Amino acid sequence: QNLVAAAELESGELENSYALVLVSDIVDDVKKALKYRLRGKNISIELNGQSEIVSDASKLFLVLKNIVANAIDYGESNSVVIIESKTDESTTISITNIGKPPAVEYKPQVFTRFAHDASGAHGLGIGLSIAKGLCERLDGTIDYNSDERSVSFVITLPKLSNALISANACGANEFLFEKFDDAFEL
């Protein structure tokens, strides 16, 4: 999914398909998609708040999946990832985990594709850059705050009109799999 999204972002050929989305449904889909990784580190996800927003469900799913995957990879075992969702003039979704903050010299490096951290270590280096690109494609923003014990990524998305909802739009997991039993994790 990330390689396809990276290619689409790079080409600029990425259309939004808006639907009325419950953030809790997207979070449930992320839990299912990452269930083995969550179990492997004994990490649970707690959702606080409920938002119903007009957004592209598949893009929002991939944004949240990449941030939660990052929280699993760099977070402490036996901990909780807290996702908070609220809607006022805009929708804010924050994802907080217990763990070391990104070891980068400049904050924007976290969202740069293939960037190394201060120790020279890194993963594939595309997940957070894709999350940022997709947030921007949704006319939103992503940023993070950290201290010595925790990291919080904050997504802000505009409040959109229901008139943007596409008749062809679908939920986050419906675009790729009929059910998550057919999916597999790489």
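Worth saying up front: this structure is predicted, and the values here are computed from it rather than measured.
Put simply, CG on Asp139 and OG on Ser90 are 12.5 Å apart, with the number rounded to the nearest 0.5 Å. Rounding to the nearest 0.5 angstrom, the gap separating the CD1 atom in Ile72 from the NZ atom in Lys65 is 10.0 Å. Expressed to the nearest 0.5 Å, how far NZ of Lys132 lies from CD of Glu136 amounts to 3.5 Å.
The nearest pair of heavy atoms linking Leu160 to Tyr18 is CD1-CE2, 3.5 Å. When all heavy atoms are compared, the tightest approach of Val63 to Ala131 is CG2-O, 3.8 Å. In this structure, Phe153 and Leu128 approach most closely via the heavy-atom pair CZ-CD1, 3.9 Å. Taking each heavy atom of Val151 and Tyr144 in turn, the nearest pair found is CG1-CD1, 4.3 Å. What you find for Thr96 and Ser152 is that their closest heavy atoms are OG1-OG, 2.6 Å. Here the shortest heavy-atom pairing between Ser51 and Ser85 reads OG-OG, 2.6 Å.
Within the 4.5 Å cutoff, the side chain of Ile82 has no heavy atoms near those of the Leu47 side chain. Considering only heavy atoms from C-beta on, Ile95 comes within 4.5 Å of Val68 through its side chain. Ile142 is listed as a side-chain neighbour of Ile67, based on a closest heavy-atom distance under 4.5 Å. At a threshold of 4.5 Å between non-hydrogen side-chain atoms, the residues Ile155 and Leu64 count as touching. Looking only at side-chain heavy atoms (C-beta outward), Ile43 and Val80 stay at 4.5 Å or farther from each other. Residues Val30 and Leu34 meet the side-chain proximity criterion, which asks for heavy atoms closer than 4.5 Å. Using a 4.5 Å heavy-atom threshold, the side chains of Ile83 and Glu46 count as separate. Looking at Thr91 and Lys159, their side chains never come closer than 4.5 Å, going by heavy atoms from C-beta outward.
Of the possible polar contacts, none joining the Ser55 side chain to the Ala57 backbone as a donor-acceptor pair under 3.5 Å is found. In terms of modelled atom types and a separation under 3.5 Å, the side chain of Lys41 and the main chain of Gly75 share a donor-acceptor contact. For the pair Lys59 (side chain) and Glu15 (backbone), a donor-acceptor distance under 3.5 Å is present. Between the side chain of Asn97 and the main chain of Val81, no donor-acceptor pair closer than 3.5 Å is present. Distance alone, capped at 3.5 Å, is enough to place a donor-acceptor pair between the Asn66 side chain and the Leu62 backbone. Side-chain atoms of Asn16 come within 3.5 Å of backbone N or O of Arg137 as a donor-acceptor pair.
Leu157 and Val154 fall into different hydrophobic clusters, where Ile, Leu, Val, Met, Phe, Trp and Tyr residues are linked whenever their side-chain heavy atoms come under 4.5 Å apart, directly or through other members.
Here Glu76 pairs with Arg149 under the salt bridge (charged side-chain N to carboxylate O under 4.0 Å, His left out) rule; sequence neighbours left out.
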